[in-house]
Amino acid sequence: MIIAIFVGLLLILFLMGVAVPYALILTSVVGMLYSGGFGLVQMGTIAQKLAAGVNNFTLLAIPFFLLAGKMMNVGSITRRIFSFCNALVGWIPGGLGQVNILASVVFAGMSGSAVADAAGLGTIEINAMKNEGFDTEFAAGITAASSTIGPIIPPSIPLIMFGCAASVSISDLLVGGIVPGVVCAVALGIMVAVISFQRKYPRRSFPSLKELWTLFKSSFLALLTPVILIGGILTGVFTATEAAAVASLYALILVCLIYREVSLNDLVRTFKEVCREASAIMLVVAASTLYGYMLTKFMIPKIALEFFLSVSSNQYVFLLMINLFLLFVGCFMDANAAILILAPILVPAAMSFNIHPVHFGLIMVFNLMVGLLTPPVGMCLYATARVADLSFERQLRGTTVFYIPLIITLIIITMVPAVTLCLVQ
């Protein structure tokens, strides 16, 4: 019965269209009622758990990374990055499709958000590809697929959420995402090259050293952002939260004082957007903390562990079940909410199978990033379809072929822990 309340009721509320945080709080209250009647619904406990959920210094990284990513989307920074990436890899088979992927890798080191990547770089990438003779569906498909790299390569808002929910080192999680992000980019690049060869898509000529140098100088300061972030975390100069603050400060200096492309109105609007988005995320965090408290109280993680052990004691069977489950969850649930709800349940089970929590974190996050490309939720699909002015059906048709490299990457991340853990100290 308790499983029906904490899982079944939550799913019913989601299907009814109840917002995630309110569904989590309502489910938690119903769980309290079930455990002992109305008298055990302690308003003080509810308020304390909601407040404790967001009273976490690490969570400050989220609004700072959001600010850094949005500031990079203002003005010509994304265009500078795209132009340099075009000169660097535009001559490879697939041309602008390869540029699309590399630009997503670079932008991933600034925003930490797949939707920000799809919306920010998407307009430039899709228009450029259409003008060069690429099919609109293909251009929109690779834009959506490559945007999933954003939450894998640091900074990553989903990895920060996982670290907070599962009490795992966020710095280790961010460092652990570097190699999987590169593997994903290579897999997508191979698929783009194969399709482009079949369809005879154009590519640019090999650039001169002078052209490369000119574009590199133009985009150098923007390209320093991921270097500062990743280098600072790897060397231990600053924590993930401090890295977020440094990134946002650097982005502000870049667009306001050096490039001088942001007006006061643009700045105010950007701050408002960051506050609105960060508040929505924090509300989910607060509600999921209360929900997690109730899950622990009713020993749901223990029940989940007993279920997995009853099926098999084999680590790979467990990972297969988890991947299939998370791919299914990603089709229907927001990634951040899924992480906050499921991480406290699944991480203890994973550790009982001797799976490193950082390794499991990347498996979980990557599964849910694939969910951003699967209907009916598919936030990246909707964002890219809007940018490309495509129907959702055509957007999905253009994206489908890129599930292949993404699933191959997921298999590699799952079966080869060293891919995730090789840089983790």
Side-chain angles (χ1 to χ4, degrees), residues 61-90 96 99-129 131 143 146-147 149-150 153-155 157 207-233 237-238 242-278 383 387:
I62 294 175
F64 281 129
F65 279 139
L66 285 172
L67 177 59
K70 286 191 175 294
M71 294 311 299
M72 289 293 175
N73 265 330
V74 176
S76 66
I77 290 179
T78 51
R79 195 172 298 278
R80 291 169 190 263
I81 292 171
F82 184 80
S83 297
F84 174 68
C85 291
N86 190 15
L88 199 62
V89 299
L96 287 175
V99 175
N100 194 316
I101 297 168
L102 181 59
S104 292
V105 170
V106 175
F107 197 74
M110 302 177 188
S111 71
S113 167
V115 178
D117 187 346
L121 279 169
T123 304
I124 299 171
E125 293 169 335
I126 292 171
N127 287 338
M129 292 180 74
N131 292 337
T143 299
S146 65
S147 69
I149 300 172
I153 293 179
I157 291 173
S208 65
L209 289 177
K210 182 180 179 181
E211 181 185 4
L212 265 177
W213 177 245
T214 301
L215 290 171
F216 176 73
K217 287 193 298 182
S218 173
S219 58
F220 175 72
L221 293 175
L223 293 171
L224 270 183
T225 307
V227 175
I228 293 171
L229 274 173
I230 298 173
I233 295 172
V237 174
F238 36 66
E242 292 164 347
V246 169
S248 59
L249 178 61
Y250 181 74
L252 283 169
I253 292 172
L254 209 58
V255 299
C256 295
L257 301 181
I258 297 177
Y259 293 144
R260 297 184 179 180
E261 296 172 330
V262 178
S263 67
L264 182 60
N265 288 336
D266 291 332
L267 205 58
V268 171
R269 185 179 68 252
T270 301
F271 279 125
K272 285 182 178 179
E273 290 176 1
V274 170
C275 290
R276 186 163 53 247
E277 292 180 20
V387 168

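To the nearest 0.5 Å, the span separating CG on L88 from OG on S83 amounts to 12.5 Å. In this structure, CG in N127 is found 11.5 Å from CG in L96, a value given to the nearest 0.5 Å. Here the CG-CD1 distance, from L215 to I81, works out to 12.5 Å after rounding to the nearest 0.5 Å. Between the CZ atom of R276 and the CZ atom of F271 there is a distance of 14.0 Å, given to the nearest 0.5 Å. Between the CG atom of D266 and the SG atom of C256 there is a distance of 9.5 Å, given to the nearest 0.5 Å. The CG atom of L221 sits 4.5 Å away from the OH atom of Y250 when rounded to the nearest 0.5 Å.
Residues meeting the side-chain hydrogen bond (donor to acceptor under 3.5 Å, both in side chains) test with S218, sequence neighbours left out: R80. Partners of V89 according to the side-chain contact (heavy atoms from CB on, under 4.5 Å) rule, which considers only residues two or more places apart in sequence or in another chain, are I92, Q98, V99, L102.
Smallest separation of non-hydrogen atoms from F65 and A244: CE2-CA, 3.4 Å. A pairwise comparison of heavy atoms in V237 and E242 identifies O-OE1, 4.5 Å as the closest pair. The two atoms that bring F64 and S248 nearest to each other are CD2-OG, 3.3 Å, heavy atoms only. A pairwise comparison of heavy atoms in S104 and S147 identifies OG-N, 4.3 Å as the closest pair. The two residues L257 and R260 have their closest heavy-atom pair at O-NE, 3.2 Å.
Surrounding CG of L209 are at most 12 heavy atoms belonging to other residues, nucleotides or ligands under 6.0 Å away.
With hydrogens and angles disregarded, a donor-acceptor distance shorter than 3.5 Å links the side chain of S208 to the backbone of E211.
Side-chain contact between L252 and L267: present, with at least one pair of heavy atoms (C-beta onward) separated by less than 4.5 Å.
If you run side-chain contact (heavy atoms from CB on, under 4.5 Å) between E277 and each of L67, I157, L66, only L66 comes through.
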